[in-house]
Each structure stands twice: as C-alpha cells, then as structure tokens.
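Order of appearance sets the numbers: ligands from 1, and atoms from 1 within every ligand. Model, not experiment: these values are computed from the prediction. FYI, side chains are in, hydrogens and waters are out, and symmetry mates aren't considered; it's all heavy atoms of this structure.
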Amino acid sequence: MEANWKPFRIKVVEPIRLLPRAERERKLKEAGYNLFNLQSEDIYIDLLTDSGTGAMSQAQWAALMEGDEAYAGSRSFEAFLDTVREITGLPYILPTHQGRAAEHILFSCALEPGKYVLSNSFFDTTRANIKACGGRPVDLPSPEALDPESDRPFKGNMDVEALEAFIAEKGKDQIAMIVLTVTNNTMAGQPVSLENIRAVSEIARGNGIPLFIDACRHAENSFFIRERELGQGDRAPLEISREVFSLADGCTMSAKKDGLGNIGGFLAMRDRKLFERCRERLILVEGFPTYGGLAGRDLAALAVGLREALDPEYLRDRVGQVRWLAERLRESGIPVYWPPGGHAVYVDAGRFLPHISPEEFPGQALACELYLEGGIRASEVGSAMLGREARFQFVRLAIPRRVYTREHLEAVVAALVRIAERRDSIRGMRLVAGAGPLRHFLARFEPLPG
Ligand SMILES: *Cc1c(COP(=O)(O)O)cnc(C)c1O
C-alpha cells in the first residue's frame, strides 16, 4: 500500500461523458475514421497524447497569476531561465512555443543540406524538420528494441556499434549531428541508459560531431536510470538529468511533456556562435528572445513545472500508473510492448489482429474499435503514421500527467478485453486521403468490406 500512495489529490474537476454507441459510430464515420478529427467533447477518455494534456499544480496556477507580460526582460523569463539552467547546465537558452519550433530553428541553423543526422530513433516532427532542412535522418536503434517481448531495461538505447560503423563508412564530415531521444518515443517510450549516453557522447566528442538531446521526457528517463541502472539508485532524478545534459552540446525540449505545461518548449546549447544564429532565427519566426512564442505566464508556469517533473514521488506515481495499465492488459492476454515505457502503453495491434496485414492498418482499425467500444481515443503508431518504415503496428495509449485515476484506466482495460472477445470479426482499413510524412494528422480512412 505505502509504495502506491498517490502524491496529490484533485482540486478542480472537469466533467466528461460517454456518448451512446450509435452516436460514437456516427461521429467516427464523419471523422473519416481518423481520431484526430474527433471533437474533445465526443471523447470519454483521451489517451491520444501526453503532450500538453497534463494537469497543472496549485503552485503552477499561482505562478501563472504572477506572470510578467513585459515584451522584453520579463521576470517570468528570468525564472524560466534559472530553472532551465539549473536542470540542463547549458548556458544559452531560447524559449519556443513548443518542441518542434526548437527543432526547426536548430536544424535550419545547424544543418547543411545532404548531411546525415543520426539518432536512436527520431520522433515524427523531428524527422520531418530534418528533411525539410535538407538533412538525412537515420535511426540506429538498439537491436534489442525490435523484440517486443524481451524484458530488457534500456531498449531505447542507440546501437553504438552501428553508430561507429556509420561514421567510419560515411566519414565524420558527412554527419551534422547526433540526436538522442530520451525516452525513445517511437520505440515504445523506452528509456536510454546513462552508460549508452556516455558512450554516444564519447564517440561524438571523439569525432567532433555535436550531440543534442531530444529531452522531452528526460525526467522519466532519469527515473528509469535511477530504478534500473547499476550504481544509480541513490541519485536524485535532477542529478541524473544534469549529468545527461553535461554529456551533450545542447538540447531541444517540448515542455508539454516533462515541463508539465500545456504549451511551451526551448532550445539550449553551449556554442555561442550557433546560439547567435538561432536567436536571430527565433526573432524571425517565434518572437523576442525573452519570450519566444510564449506568454510571460506560460514561462512562469513552466519555471515551476520543469522542477515538479523531477520530483521522485511524482515520477514514481506517473511511471507506476503506466506500468499498472500495461500489467493489467498483459494479464488479460492483450499483447503489449514489454517492458512498458514511461509515458504510454503500446498495444501491439500486429499481434492482436494477426489477420490484418500492415497494408490494411491494423493499428488504425484497433484505435477505431477502442473509440467505438469505450469512447477512448488513442493514437496509431504504425503503418498509418510511418508508412513502410513502420517496424511495429502499435496503438499508443498515452497517459496524460496527473489527469486520470485508476478507475479510468480500468475502463480502458475492460474495453480492450471486450474487443479481444470479438477480434476475429474486426476488419482492416483503406486510406482514402492523405499523403506525406505527417499524413496521419489529416488522413481519412474507410473500413474494408467484410
Ligand atoms: C512531442 C515530441 C516532440 C515535439 O514537441 P511538440 O511540443 O509536440 O512540438 C519532439 N520529440 C519528441 C520525442 C516528442 O515526444
């Protein structure tokens, strides 16, 4: 019991409802079987993303009221800067309205067209931004990650041998940057070990290649390092995160994740010249360097949220909630990627619906069933999102931070169990509209005839 104690209680309540089944059928059809097209009020439990969907604390709401909306030199920016410097130790910091803006500014200033950018696995917007700037993104995930059943502690790692081989083959001058995504979102939210980050950093420094951290979930990653890595059990997540950033030349961050904000992000680095180029670009596309794309009150709330996200009790509760859901599903015979990551449970729709081929989007079909069955919204991370590059057919159940209770998650388990009972009758889908690397946001589908 004590290990499970909940480190907060609920102060503000947002009503939600479950539409009748016939209504859900109609809404889904109107949405072109793409859950991004549904309205929030049509959804009972929303597990589409953990990005910007968390609940702020009373300390964050209080900070919001004290936001300083000065165009230049806002004291909320100073508070934000203090927090980001304390956590990252990086000297040059630019606020942005969210993670992808930080990515775009970085790659548009640091990338020469035709050069490679190597990663343990890129997130979809990161990959798309690199391509938009003429770069060539390459994923080098650990081979362990490709086995969805092996109970290994750090399946988000980069394949260090493959990294060395790639540098030897193409030449270090052809590689613009290495990006480590912690935790590794496209690889089922798996953590990256400190040992792996140290090894990648050594290779990067030895070859004069800049290493950036995609730090969206650095706090969850540091919690896993503390729980699972030899000799790390006594260290605070903050201390571990500080070491991770000390091994890098900079980072991009979506503060909608481990910043506990509803909007926000930043770009940070050590190189002054690069910073000056990025700052100029920031003014062009986001805003003045003391607010980026944010209001002063957003910066004030993030200054608090970025610290709260490193609280070990908060992290124990968060990662524990994700683990609880994954364990209940697994016990019920629902195939889930194992072990669970920090922010989401990834249901393996490829194994759940083996009669549907990747070309017929088993993940999309299952995500639609989940909405029909329980009013639950999840996202597909499979051939609908990633095309032929998809290594798995996942339905991602992303858990918003501090939002849902165990009862909500029990309803998710119950819905999937009911779907499992009639899984043989579920049909695949056909893509009727949508193209390009970010097609999943706007695509439309149709169920195949039975
Ligand atoms: C969310 C996310 C991003 C992009 O951040 P936005 O705030 O959504 O623009 C980049 N990388 C990873 C790993 C993410 O999860």
Seminar exercise, completed: heavy-atom search around atom 10 (C) of ligand 1 in the protein gives Glu103 OE2, 3.0 Å
Exercise. Who's the nearest protein heavy-atom neighbour of atom 6 (P) of ligand 1, and how far?
Worked result: Gln98 NE2, 3.2 Å
For this session: Go through the side-chain N and O atoms of Thr96 and Glu286 and say whether any donor and acceptor fall under 3.5 Å apart.
Result: no
Exercise. Can Arg136 be said to sit on top of Tyr116's aromatic six-ring, NZ or CZ under 6.0 Å from centre and within 45° of the ring axis?
Worked result: yes
Seminar exercise, completed: For Lys256, the ligand 1 atoms with a heavy-atom partner under 4.0 Å come out as 7 (O)
For this session: Decide whether Asp258 and His343 meet the rule of one side-chain donor and one side-chain acceptor closer than 3.5 Å.
Result: no
For this session: Please report which non-hydrogen protein atom sits nearest to atom 5 (O) of ligand 1, along with the residue it belongs to and the distance in Å to one decimal place.
Result: Ser254 CB, 3.2 Å
Exercise. Purely on distance, is any nitrogen or oxygen of Gly99 under 3.5 Å from one on ligand 1?
Worked result: yes
For this session: Answer yes or no: are there more than 12 heavy-atom neighbours, outside Ile10 itself, under 6.0 Å from its atom CD1?
Result: no
Exercise. Of all the non-hydrogen atoms in the protein, which one sits nearest to atom 8 (O) of ligand 1, and at what distance?
Worked result: Arg100 NH2, 3.0 Å
Problem set entry | atom 2 (C) of ligand 1 - nearest protein heavy atom and its distance | Lys257 NZ, 2.3 Å
For this session: Taking the six-membered ring for Trp and the full ring for Phe, Tyr or His, determine whether the centres of Phe392 and Tyr346 are under 6.0 Å apart.
Result: no
Seminar exercise, completed: Of Arg217, His97, Met253, His343, the residue with the heavy atom nearest atom 15 (O) of ligand 1 is Arg217
For this session: Go through the side-chain N and O atoms of Glu144 and Ser150 and say whether any donor and acceptor fall under 3.5 Å apart.
Result: no
Exercise. Where do Tyr92 and Phe275 land on the ring-ring contact (aromatic ring centres under 6.0 Å, His included) test, with the steps shown first?
Worked result: CA-CA 7 Å; Tyr92 300 118; Phe275 165 74; 4.8 Å; yes
Exercise. Is there a donor in the side chain of Glu103 and an acceptor in the side chain of Thr125, or the other way round, less than 3.5 Å apart?
Worked result: yes
Problem set entry | Shortest heavy-atom approach to atom 11 (N) of ligand 1 - which of Asp258, Asp214, Val179 | Asp214
Exercise. With only distance considered, is Thr183 within less than 3.5 Å of ligand 1 through an N or O on each side?
Worked result: no
For this session: Before signing off on this row, confirm whether Thr181 and ligand 1 have an N or O atom pair separated by under 3.5 Å.
Result: no
Problem set entry | Per-atom contacts, ligand 1 versus Thr125 - under 4.0 Å to a heavy atom | 4 (C)
Problem set entry | Test: Lys257 cationic atom under 6.0 Å from Phe123 six-membered ring centre, within 45° of axis | yes
Problem set entry | Contact check, Gly265 vs ligand 1, heavy-atom distance below 4.0 Å | no
